[in-house]
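Okay, so here's the structure we're looking at.
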Amino acid sequence: MVTSRKITAERDREATERRLVDTVGELVRENGFEKIGVNAVAARSGVSKILVYRYFGSVEGLLAAYIRRYDLWLNFPQDLPGREELPEFLKRTFRAQIARLRGDATLKRLYRWELSSDNELIVRLREQREQVGRELIRRVCDVTGRPEEQIAPLASLLSASVTYLALLGEFCPVYNGIPLQEDAGWEQIGRGIDQIVDAILKP
């Protein structure tokens, strides 16, 4: 039987982990992730350094936990709609990726950290995203009857392009004539993605 003390402890841990992850977001937004250390996290969150290490293993583990919480693909729903609804579903998905990255400066900074790191935590994070991506591609292929050799490159190009352009847009205002720092530019990109999805998946 699960005791009330154990339930309380689990809830306390969940609340503490949320507080630590939220603190990472605050610190990254303010100063970038390069200056984050366990002392800064503990001081801002009011949580003991011991718990940071106990729950996440390291500050890097805490950064990875932030990405896991907010990354679109790591939290992608398990179920896909049927064949007729799938193209519109995927269009909305890519637009959701655009909105997530454009609206979360912290996530963009952490993506840059992920792209420039190769520690064990990042390797595991990539493996998890890879598993989700492969499963999503498999399901799209099952629904559409299209071969993986066609769907996998399409998914890779679209998702990677959105990520790259969102990261680039913080420093580069225009790419191929598209204003990356304006809503109009991203609407243009969204329409382009819609056209690609239709060309590949429309019956």
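Everything quoted here is computed from the prediction, not taken from an experiment.
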Quiz item: Hey, is the main chain of Asn119 close enough, under 3.5 Å, to the side chain of Glu60 for a donor-acceptor pair?
Solution: no
Quiz item: Between Arg126 and Asp118, is there a side-chain N and carboxylate O pair less than 4.0 Å apart?
Solution: yes
Quiz prompt | pair Arg95-Trp186: side-chain heavy atoms closer than 4.5 Å | solution = no
Quiz item: Just checking, Arg129 and Tyr111: is the charged tip under 6.0 Å from the six-membered ring centre and within 45° of the axis?
Solution: yes
Exercise. For the residue pair Leu158 and Gln97, establish whether any side-chain heavy-atom pair is separated by less than 4.5 Å.
Key: no
Quiz prompt | Non-hydrogen atoms of Leu86 and Val140 that approach each other most closely | solution = CD2-CG1, 4.1 Å
Quiz item: Transitively linked via ILVMFWY side-chain contacts under 4.5 Å: Val174 with Ile189?
Solution: no
Practice problem: Look up atom CG in Leu74 and atom CD in Glu130, then write down how far apart they are to the nearest 0.5 Å. | Solution: 11.5 Å
Quiz item: With distance as the sole test, does Ser117 use its side chain to make a donor-acceptor pair with the main-chain N or O of Glu114 at under 3.5 Å?
Solution: no
Quiz prompt | Backbone of Arg68 reached by a side-chain donor or acceptor of Asn75 within 3.5 Å | solution = yes
Practice problem: Verify the cluster assignment for Leu51 and Leu121: are they in a single hydrophobic cluster under the rule of side-chain heavy atoms below 4.5 Å apart? | Solution: no
Quiz prompt | Non-hydrogen atoms of Ser156 and Ser159 that approach each other most closely | solution = O-OG, 3.4 Å
Quiz item: How many angstroms lie between atom SG of Cys141 and atom CZ of Arg146, to the nearest 0.5 angstrom?
Solution: 10.0 Å
Quiz prompt | Check: Val162 and Ile193 side chains under 4.5 Å, non-hydrogen atoms | solution = yes
Practice problem: Using a strict 4.0 Å threshold on nitrogen-to-oxygen distance, state whether Glu88 and Lys91 make a salt bridge. | Solution: yes
Quiz item: Is a donor on one side and an acceptor on the other found under 3.5 Å between the side chain of Asn176 and the backbone of Ile178?
Solution: no
Practice problem: Could you tell me whether Arg100 and Asp71 have a side-chain N and a carboxylate O separated by less than 4.0 Å? | Solution: no
Practice problem: Could you walk me through whether Arg13 and Arg18 pass side chain to side chain contact (heavy atoms under 4.5 Å, CB included), step by step? | Solution: CA-CA 9 Å; Arg13 173 167 180 164; Arg18 282 196 301 272; over 6 Å; no
Quiz item: Taking atom CG of Asn39 and atom NZ of Lys49, what is their separation to the nearest 0.5 Å?
Solution: 4.0 Å
Quiz item: So, does Arg112 use its side chain to make a donor-acceptor pair with the main chain of Leu167 at under 3.5 Å?
Solution: yes
Exercise. Pick out which of Leu107, Leu180, Asp183 makes a side-chain contact (heavy atoms from CB on, under 4.5 Å) with Arg102.
Key: Asp183
Practice problem: Check whether more than 12 heavy atoms from other residues, nucleotides or ligands sit under 6.0 Å from atom CD of Glu120, and answer yes or no. | Solution: no
Quiz prompt | Non-hydrogen side-chain atoms of Tyr53 and Leu62 separated by less than 4.5 Å | solution = no
Practice problem: Verify the cluster assignment for Leu154 and Leu157: are they in a single hydrophobic cluster under the rule of side-chain heavy atoms below 4.5 Å apart? | Solution: no
Practice problem: Quick one: do Ile36 and Asn31 satisfy side chain to side chain contact (heavy atoms under 4.5 Å, CB included)? Show the steps, please. | Solution: CA-CA 8 Å; Ile36 286 184; Asn31 302 305; over 6 Å; no
Self-check item: Atom of Ala64, atom of Leu125 and distance for their closest heavy-atom approach
Solution: O-CD1, 4.1 Å
Quiz prompt | Minimum-distance pair of heavy atoms, taken over all atoms of Leu20 and Ser45 | solution = CD2-OG, 3.5 Å
Exercise. Could you tell me whether Arg69 and Asp22 have a side-chain N and a carboxylate O separated by less than 4.0 Å?
Key: yes
Quiz item: Do Glu135 and Phe76 have side chains that get closer than 4.5 Å, going by heavy atoms?
Solution: no
Quiz prompt | SB check Glu187 Arg191 (cutoff 4.0 Å) | solution = yes
Quiz prompt | Val28 vs Trp113 side-chain heavy atoms within contact, under 4.5 Å | solution = no
Quiz prompt | Min side-chain heavy-atom separation Val24-Phe56 under 4.5 Å | solution = no
Quiz prompt | Non-hydrogen side-chain atoms of Glu170 and Gln181 separated by less than 4.5 Å | solution = no
Exercise. Determine the minimum heavy-atom distance between Phe89 and Asp79, stating which atoms define it.
Key: CZ-O, 4.4 Å
Self-check item: Salt-bridge contact Glu26-Arg44 (side-chain N to carboxylate O under 4.0 Å)
Solution: yes
Practice problem: Please answer: with hydrophobic residues joined when any side-chain heavy atoms are less than 4.5 Å apart, are Val59 and Val123 in the same cluster? | Solution: no
Exercise. Indicate the atoms forming the closest heavy-atom contact of Pro81 with Glu85, along with that distance.
Key: CB-CB, 3.7 Å
Practice problem: Show the numbers, then the answer: is there a side chain to side chain contact (heavy atoms under 4.5 Å, CB included) between Ile200 and Ile151? | Solution: CA-CA 8 Å; Ile200 299 295; Ile151 299 300; 4.3 Å; yes
Quiz prompt | Gap separating the CG atom of Leu90 from the CG atom of Leu136, nearest 0.5 angstrom | solution = 7.0 Å
Exercise. Would you sort out whether Ile98 and Phe94 count as a side chain to side chain contact (heavy atoms under 4.5 Å, CB included), showing the intermediate values?
Key: CA-CA 6 Å; Ile98 290 171; Phe94 285 115; 5.6 Å; no
Self-check item: Distance in Å, Leu72 CG paired with Thr163 OG1, rounded so as to fall on 0.5 Å steps
Solution: 9.5 Å
